[in-house]
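Please read the structure below before turning to the comments.
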Amino acid sequence: QVQLVESGGGLVQPGGSLRLSCAASGTIFSINAMGWYRQAPGKQRELVAVIKSGSTNYGDSVKGRFTISRDNANNTVFLQMNSLKPEDTAVYYCTAQLAVYGRQFVWNDYWGQGTQVTVSS
């Protein structure tokens with residue numbers, strides 16, 4: 001019914017940049033918020049960045065280095081990652097809080113399958 005598809009992950013050297021994209025598709029009536037979380041091996045999933053009504057919120061470890069943006073017309077969210085560090089290595093998950101046709105007043109959270117980001121020399 002709803003699908004989130006991430007792209008843009010890969011291998012990058014420390015200090016490099018990557019741009020992640022996530023497109024939401026399906027019977028979407030409205031999207032309230034979109035964002036990114038990440039999970040490194042042996043660690044809990046943590047907030048990277050969220051965007052809602054133009055306002056943004058970032059995890060402390062990425063502030064000043066990562067930028068989240070959104071294309072509302074295409075139900076797409078982006079994550080520009082600069083000055084990458086080895087500790088940024090993780091699987092990055094896209095998430096969206098949205099309502100679908102037929103249940104327009106019910107917000108539910110959806111997740112993508114994740115994209116691997118590896119920062120290594």
Side-chain angles (χ1 to χ4, degrees):
Q1 195 174 26
V2 173
Q3 194 173 21
L4 301 182
V5 179
E6 301 109 332
S7 61
L11 173 65
V12 63
Q13 292 187 341
S17 298
L18 279 177
R19 187 179 192 233
L20 304 183
S21 301
C22 172
S25 62
T27 57
I28 298 170
F29 174 74
S30 178
I31 297 179
N32 186 37
M34 298 188 79
W36 295 91
Y37 283 71
R38 68 186 183 187
Q39 188 166 19
K43 295 188 176 181
Q44 290 188 331
R45 191 172 294 190
E46 65 173 353
L47 169 72
V48 177
V50 173
I51 184 166
K52 177 181 177 181
S53 300
S55 295
T56 57
N57 186 35
Y58 295 91
D60 288 341
S61 61
V62 306
K63 285 180 181 177
R65 300 187 297 122
F66 291 10
T67 302
I68 189 170
S69 60
R70 184 172 156 183
D71 178 354
N72 291 327
N74 293 297
N75 293 335
T76 301
V77 65
F78 305 96
L79 184 69
Q80 178 65 43
M81 304 185 294
N82 298 329
S83 302
L84 283 160
K85 304 175 182 179
E87 50 263 43
D88 293 317
T89 296
V91 177
Y92 284 69
Y93 296 92
C94 173
T95 183
Q97 187 181 67
L98 57 87
V100 299
Y101 284 102
R103 302 185 70 192
Q104 287 92 325
F105 303 107
V106 179
W107 298 113
N108 282 310
D109 294 328
Y110 294 83
W111 293 84
Q113 298 227 344
T115 185
Q116 177 70 46
V117 171
T118 302
V119 184
S120 175
S121 55

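We count residues from 1, following the sequence as given. What you see below is based on every heavy atom in this structure, not just the backbone, and it leaves out hydrogens, waters and symmetry mates.
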(request) Give, for atom CG of Asn32 and atom CH2 of Trp107, the distance between the pair rounded to the nearest 0.5 Å. (result) 4.5 Å

(message) Are Tyr37 and Trp111, when compared by the centres of their aromatic rings, separated by less than 6.0 Å?
(response) yes

(message) Around atom CD of Gln44, are there more than 12 heavy atoms from other residues, nucleotides or ligands closer than 6.0 Å?
(response) no

(message) Ignoring hydrogens and geometry beyond distance, is a side-chain donor-acceptor pair present between Arg38 and Ser61 at under 3.5 Å?
(response) yes

(message) Check whether Phe29 forms a cation-pi arrangement with Arg103 (NZ or CZ under 6.0 Å from the six-membered ring centre, at most 45° off the ring normal).
(response) no

(request) Would you please test Gln80 and Ser17 for side-chain contact (heavy atoms from CB on, under 4.5 Å) and show each step? (result) CA-CA 7 Å; Gln80 178 65 43; Ser17 298; 3.9 Å; yes

(message) If you define the side chain from C-beta out and look only at heavy atoms, does anything of Pro86 sit under 4.5 Å from Ser120?
(response) no

(message) Please report the interatomic distance CD1(Ile51) to CG(Asn72), rounded to the nearest 0.5 Å.
(response) 7.5 Å

(request) Verify, without hydrogens or angle tests, whether Glu6 (side chain) and Cys94 (backbone) share a donor-acceptor contact under 3.5 angstrom. (result) yes

(message) Are Tyr58 and Leu47 packed together at the side-chain level, in the sense that at least one heavy-atom pair is separated by less than 4.5 angstrom?
(response) no

(request) Give a yes or no on this: more than 12 heavy atoms of other residues, nucleotides or ligands lie within 6.0 Å of atom CD of Gln113. (result) no

(message) Quick check: do Val62 and Met81 have side-chain heavy atoms less than 4.5 Å from each other?
(response) no

(message) If we check side chain to side chain contact (heavy atoms under 4.5 Å, CB included) with Leu20, which of these qualifies: Leu79, Ile68, Val77?
(response) Leu79

(message) Determine whether Val100 and Gln1 satisfy the following criterion, side-chain contact (heavy atoms from CB on, under 4.5 Å), listing intermediate values before the conclusion.
(response) CA-CA 8 Å; Val100 299; Gln1 195 174 26; 4.1 Å; yes

(message) Side chains of Asn75 and Ile31, heavy atoms from C-beta outward: is any pair under 4.5 Å?
(response) yes

(request) Report whether Val50 and Val117 are members of the same hydrophobic cluster (ILVMFWY, side-chain heavy atoms less than 4.5 Å apart, transitive linking). (result) no

(request) Measure the shortest side-chain to side-chain distance between Cys22 and Tyr93 over non-hydrogen atoms and say whether it is less than 4.5 angstrom. (result) no

(message) What's the separation between atom CG in Leu11 and atom OG in Ser121, rounded to the nearest 0.5 Å?
(response) 9.5 Å

(request) Spell out, as yes or no, whether a donor-acceptor pair under 3.5 Å connects the side chain of Thr89 to the backbone of Val119. (result) yes

(message) Quick one, Thr95 with Met34, criterion side-chain contact (heavy atoms from CB on, under 4.5 Å). Give me CA distance, side-chain angles, the key distance, then yes/no.
(response) CA-CA 6 Å; Thr95 183; Met34 298 188 79; over 6 Å; no

(message) Quick one, Thr115 with Val91, criterion side-chain contact (heavy atoms from CB on, under 4.5 Å). Give me CA distance, side-chain angles, the key distance, then yes/no.
(response) CA-CA 5 Å; Thr115 185; Val91 177; over 6 Å; no

(request) Check whether any side-chain N or O of Arg65 sits under 3.5 Å from a backbone N or O of Ser83 as a donor-acceptor pair, and report yes or no. (result) yes

(request) Side-chain contact test, heavy atoms from C-beta onward, threshold under 4.5 Å: evaluate it for Asp71 versus Phe78 and give yes or no. (result) yes

(request) In plain terms, say whether Asp88 and Lys85 are close enough for a salt bridge, that is, a side-chain N and a carboxylate O under 4.0 Å apart. (result) no

(request) Identify whether Trp36 and Val2 are in the same connected component of the hydrophobic contact network (ILVMFWY, side-chain heavy atoms under 4.5 Å). (result) yes

